[in-house]
Amino acid sequence: MPSFQTSPGTRDILPPQAGRWRALSDIFADIVQSAGYECIIPPMFEDLGVFLRIGDATDIVTKEMYDFVDKGDRHIALRPEQTAGVCRAFAQHRPVTPWKVWYSGPNFRYEKPQAGRYRQFDQVGVEVLGSDDALLDAEVISLAWQFFARLGLVGVELVVNSLGEADERAAYIEALRAHLESHRGELSEESVATLSRNPLRVLDSKRRQDASVIASAPRISAHLSVASSSHFAAVLAGLDALGVPYRVDEMLVRGLDYYRRTTFEFVSLSLDGSQNAVGGGGRYDGLVEDLGGPATGGVGFAIGVDRTLLACDAEGVFDAGSLALDAFVVDVTDGLAATRLAEALRAAGYSTDRAFDGRSMKSQMKAADRSGAAMAVIVGPDEAASSTCTVRNLATSEQVSVPQSGLVAHVAAALGPRTPRRNPQ
Ligand code: AMP
């Protein structure tokens, strides 16, 4: 046993899985950049106060924050999500609106580790600040939808709801609290505890004992103003126009306190019930103001990368492909021929690896096979003497002798053109 293992709730993402993460993030970037979103990289830690705005009734704030006092006596927290940091950045830099940004990176929550729930997990997401337009909500939602579709996922369901403006939501919470209080005796112990902290979260309970009290609970739609109802209707019309299928669920409240009006969640039907949300988001119109900025509309989502990949595994889509090398150079002379030839191929844009440590021909050929390269470039004493190399197609085992000076042209003819590396001037 080595002295150290990964800390609970964290994992090493090893190759080839790590390549799959990169590929996922690249696909996400491709989709959102085509809609005019630009990349933002917020810091991984901020003043604790930034994250307290997520809401003091949320588990994220009360139980899960990785916070500490640094050597300069600042109360710092590792980011548990990125929306609050992006809003802080907006309030600090006041960019031109609408400000459309996307991000990709890790977040930290002190949760009970289990499959699909980690203490360090990755999200990709978008935020748009400075617009109130319901059609923007529809655009944002459709980007997440397109992303799941591009990965090949078919079992993802979009659930939408509106929580109304802050005062409508507050009135609803009071009506809900009164209902739940009057049925306190019928609720599970856990829900009674949740009720005193955050009645909305009782609606999330999947416990059978709570089902009938929840089923008879007041509905948010009865508390929405005309303006909020028509905003929600416009979001749904936008989704219809974009061909994005959805289900309206008035019980969808989500775990963060800052949501106003539109909220949504993407649920994977192929994942286990308690950890099946692969992404979610909504409007958070008051958040920038809470962080000291001007009153600003905001809408966005975050998609959990870890869980999305679990959903891909469950559906058998978006495989982790290994790095496909073009060539592997085998050199059983002095090794310098491999140095020169590998460099020439790499400079011409062909991904190339080679062996080190003066290994035997047999061992180097094994490494070439294991590398998955399309071809092996072999230099033995005979080739070295004649400044040639043997190029072996590793799939068909066909091989030809090629002058070392003509290797790049030969590989180009076999594999097609690549973009040469640009060397510094
Ligand atoms: P949230 O910021 O809580 O709305 O989460 C957005 C998405 O991030 C969820 O739908 C999950 O896919 C993912 N997520 C949240 N917390 C975790 C966690 N502890 N481990 C893995 N994924 C998570």
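Atoms within a ligand are numbered from 1 in the order they appear, just like the ligands themselves.
- At a 4.0 Å heavy-atom cut-off, ligand 1 does not touch R119 at all.
- With a 4.0 Å heavy-atom cut-off, ligand 1 is reached by no atom of D306.
- Put simply, CG on D122 and OG on S104 are 6.0 Å apart, with the number rounded to the nearest 0.5 Å.
- For ligand 1, the atoms lying closer than 4.0 Å to a non-hydrogen atom of G116 are 20 (N), 21 (C), 22 (N).
- Atom numbering of ligand 1 starts at 1 in the shown order; those under 4.0 Å from a heavy atom of G304 are 7 (C), 8 (O), 12 (O), 13 (C).
- For atom 5 (O) of ligand 1, the nearest non-hydrogen atom from the set E81, Q120, Q123 belongs to Q123.
- Q120 places no side-chain N or O within donor-acceptor distance of the main-chain N or O of T10, the cut-off being under 3.5 Å.
- Among K63, R117, R119, the single residue meeting the salt bridge (charged side-chain N to carboxylate O under 4.0 Å, His left out) criterion with E111 is R117.
- Checking side-chain atoms of D357 against main-chain N and O of R359 turns up no donor-acceptor pair under 3.5 Å.
- The shortest heavy-atom contact between A35 and E139 is O-OE2, 4.3 Å.
- When heavy-atom distances to ligand 1 are checked against a 4.0 Å cut-off, E111 comes that close only through its side chain, counted from C-beta outward.
- A donor-acceptor contact shorter than 3.5 Å links the side chain of D326 to the backbone of S351.
- In summary, the side chains of S228 and E165 do not present any donor paired with an acceptor at a separation below 3.5 Å, with no hydrogens or angles considered.
- The nearest non-hydrogen atom to atom 2 (O) of ligand 1, considering only Q82, R117, R307, R109, comes from R109.
- Taking distance alone, with nitrogen or oxygen atoms compared against 3.5 Å, G279 approaches ligand 1 more closely than that limit.
- Residue-ligand proximity, A277 to ligand 1, at heavy-atom distances under 4.0 Å covers atoms 9 (C), 10 (O), 11 (C), 12 (O).
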